[in-house]
Protein chains: 2
Amino acid sequence: MKISEVSKKYDIPVDTLRYYEKAGLLPNVKKNSSGIRDYSETDCNWVEFIKCMRGAGLPIEVLKKYIKLFYEGDSTLTERKQILIDERQKLILKRDAIQSTIERLNYKINSYEETIAVREKELLRQDKS
Amino acid sequence: MKISEVSKKYDIPVDTLRYYEKAGLLPNVKKNSSGIRDYSETDCNWVEFIKCMRGAGLPIEVLKKYIKLFYEGDSTLTERKQILIDERQKLILKRDAIQSTIERLNYKINSYEETIAVREKELLRQDKS
DNA sequence: TCTTGACTTAAAGTTAACTTCAAGTTGTAT
DNA sequence: ATACAACTTGAAGTTAACTTTAAGTCAAGA
């Protein structure tokens, strides 16, 4: 798979894909004799994984570390697991912060609706008098 | 209230408080005759609001717009409400993306646990033989 | 063969949100 | 009075994650 196809498939700019590779997130993308990238299925799965994790805000550095350990083999299993546990915990906190902000916004939006309703009634009363 | 007290109360660096003010998020902080800031209760409430919204990732620019409109009075009520609705929607999407990433991590962590358990059993069997 | 569009690189530029720095002023305790 | 911590400003520096630019190479169609 060429970079432009991967780009389309996962909706990630080609520049970003090359950037990820340079940053160490895709250490195994092969190139043909003329230097053009050919993404394997495994590469694509990594791209999809990276997209998901980045979408939740995991830093490049963390993903880099994780992927590096992955390619080091089974001796890094527990370390990799710990990274995922740590990041999951951060996501839980982040999700909860967002959730309570959503609830605060719900409350505020309701207040706005009430205030606006009152203002409209007042205008109506003025029209009639 | 002095800036250092506000900083302590809300756990926000003084530099960040001054930065917020410069960015237009705290347009009403008064200064005494020698130029030292004196935060009113209203200022503090804005600080708390900003902290909450920033904690969920709302951009400075959005908060700046909202606060500007607030100080323009009742004629901006519906526009302010719309900003909150838009930002709430973004937060909902963000929360859901994080939630599905958490679930994916749950699954992966479970897989790691199983894999590690198998590895440990294998080691044990080797020890015995 | 020539053009065109996709590919390559390294390096510089951008954006958001701080964070630090330099240089000076003020308030309080001894 | 003097030290010293906290305050002030404007400007420069930092970090993460892209994004753009410049300058070139490669492959396929007219």
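In what follows, every chain begins at residue 1, and chains take the letters A, B, ... in the order their sequences are listed.
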Check: What are the residues of residues 87-96 of chain B, sorted by number, that bring a heavy atom to within less than 4.0 Å of DNA chain C?
Finding: none

Notebook entry, point to check: Can you list every side-chain hydrogen bond (donor to acceptor under 3.5 Å, both in side chains) pair that touches residues 97-106 of chain A, not counting sequence neighbours?
Noted result: A/Gln99-A/Glu103, A/Gln99-B/Arg95, A/Arg104-B/Glu48, A/Asn106-B/Arg88

Margin query: Just to be sure I understand the geometry, which residues of residues 10-18 of chain B put a non-hydrogen atom under 4.0 Å away from DNA chain D?
Written below: B/Arg18

Next item on the list: Please report the closest heavy-atom contact between B/Ala56 and B/Lys94, naming both atoms and the distance.
Entry: O-NZ, 3.0 Å

Notebook entry, point to check: Roughly how many Å is it from CD in A/Glu5 to P in C/dA6, rounded to a whole number?
Noted result: 12 Å

Next item on the list: Kindly state each residue pair satisfying salt bridge (Lys or Arg N to Asp or Glu O under 4.0 Å) with at least one member in residues 31-45 of chain B, sequence neighbours excluded.
Entry: B/Glu21-B/Arg37

Item checked: Set of residues satisfying salt bridge (charged side-chain N to carboxylate O under 4.0 Å, His left out) with respect to A/Lys81, sequence neighbours excluded -> B/Glu113

Checklist line | With sequence neighbours excluded, residues passing salt bridge (charged side-chain N to carboxylate O under 4.0 Å, His left out) with B/Lys64 | finding: none

Notebook entry, point to check: Expressed in angstrom and rounded to an integer, what is the separation of A/Tyr19 atom OH from C/dC7 atom C1'?
Noted result: 21 Å

Margin query: Quick check on C/dT26: is either OP1 or OP2 less than 4.0 Å from any side-chain nitrogen or oxygen of B/Arg37?
Written below: no

Next item on the list: If a pair satisfies side-chain hydrogen bond (donor to acceptor under 3.5 Å, both in side chains) and one of its residues is in residues 8-20 of chain A, list it, with sequence neighbours excluded.
Entry: none

Note to self: Please report the end-to-end axis angle for the helix from C/dT1-D/dA30 to C/dT30-D/dA1, five pairs per end, rounded to 10 degrees.
What the structure shows: 10°

Check: B/Asn110 and B/Glu114: side-chain donor and acceptor closer than 3.5 Å?
Finding: no

Next item on the list: For A/Lys22 and D/dT19, give me the distance from atom NZ to atom C1', rounded to whole Å.
Entry: 12 Å

Note to self: Classify the ring geometry of A/Trp46 against A/Tyr71: parallel below 30°, tilted from 30° to 60°, perpendicular beyond 60°.
What the structure shows: tilted

Notebook entry, point to check: How about A/Tyr66 and A/Phe49: are their ring centres within less than 6.0 Å of each other?
Noted result: yes

Check: Which whole-number value in Å describes the distance from A/Glu21 CD to D/dA17 P?
Finding: 18 Å

Check: Pairs in or reaching into residues 118-129 of chain A: which pass salt bridge (Lys or Arg N to Asp or Glu O under 4.0 Å), with residues at least two apart or in two chains?
Finding: A/Arg119-B/Asp74

Note to self: Within this structure, what is the CG-CG distance for the pair B/Leu91 and B/Asp96, rounded to the nearest 0.5 Å?
What the structure shows: 10.5 Å

Next item on the list: Specify the separation, in whole Å, of atom CG of B/Asp38 and atom P of D/dA6.
Entry: 18 Å

Next item on the list: Look at B/Tyr20 and C/dA17 and indicate whether a side-chain polar atom (N or O) is within less than 4.0 Å of OP1 or OP2.
Entry: no

Note to self: Near DNA chain C, counting only heavy atoms under 4.0 Å, which residues of residues 47-65 of chain A show up?
What the structure shows: none

Item checked: Atom-pair distance (NZ on B/Lys31; P on C/dT25), nearest Å -> 16 Å

Margin query: Do B/Asp86 and B/Gln89 have side chains that approach each other closer than 4.5 Å (heavy atoms only, starting at C-beta)?
Written below: no

Check: Which value, rounded to the nearest 0.5 Å, describes the distance between B/Cys52 atom SG and A/Leu105 atom CG?
Finding: 7.5 Å

Item checked: Residue list, side chain to side chain donor-acceptor pair (under 3.5 Å) with B/Lys68, at least two apart or on another chain -> B/Glu72

Check: Do any N or O atoms from the side chain of B/Glu79 and from the backbone of B/Thr76 form a donor-acceptor pair under 3.5 angstrom?
Finding: no

Using a cut-off of under 3.5 Å, enumerate the N/O to N/O pairs linking the protein to nucleotides 27-29 of chain C.
residue	atom	partner	partner atom	Å
C/dG27	OP1	B/Ser34	OG	2.5

Check: Closest heavy-atom contact between A/Val14 and A/Ser4?
Finding: CG1-CA, 4.0 Å

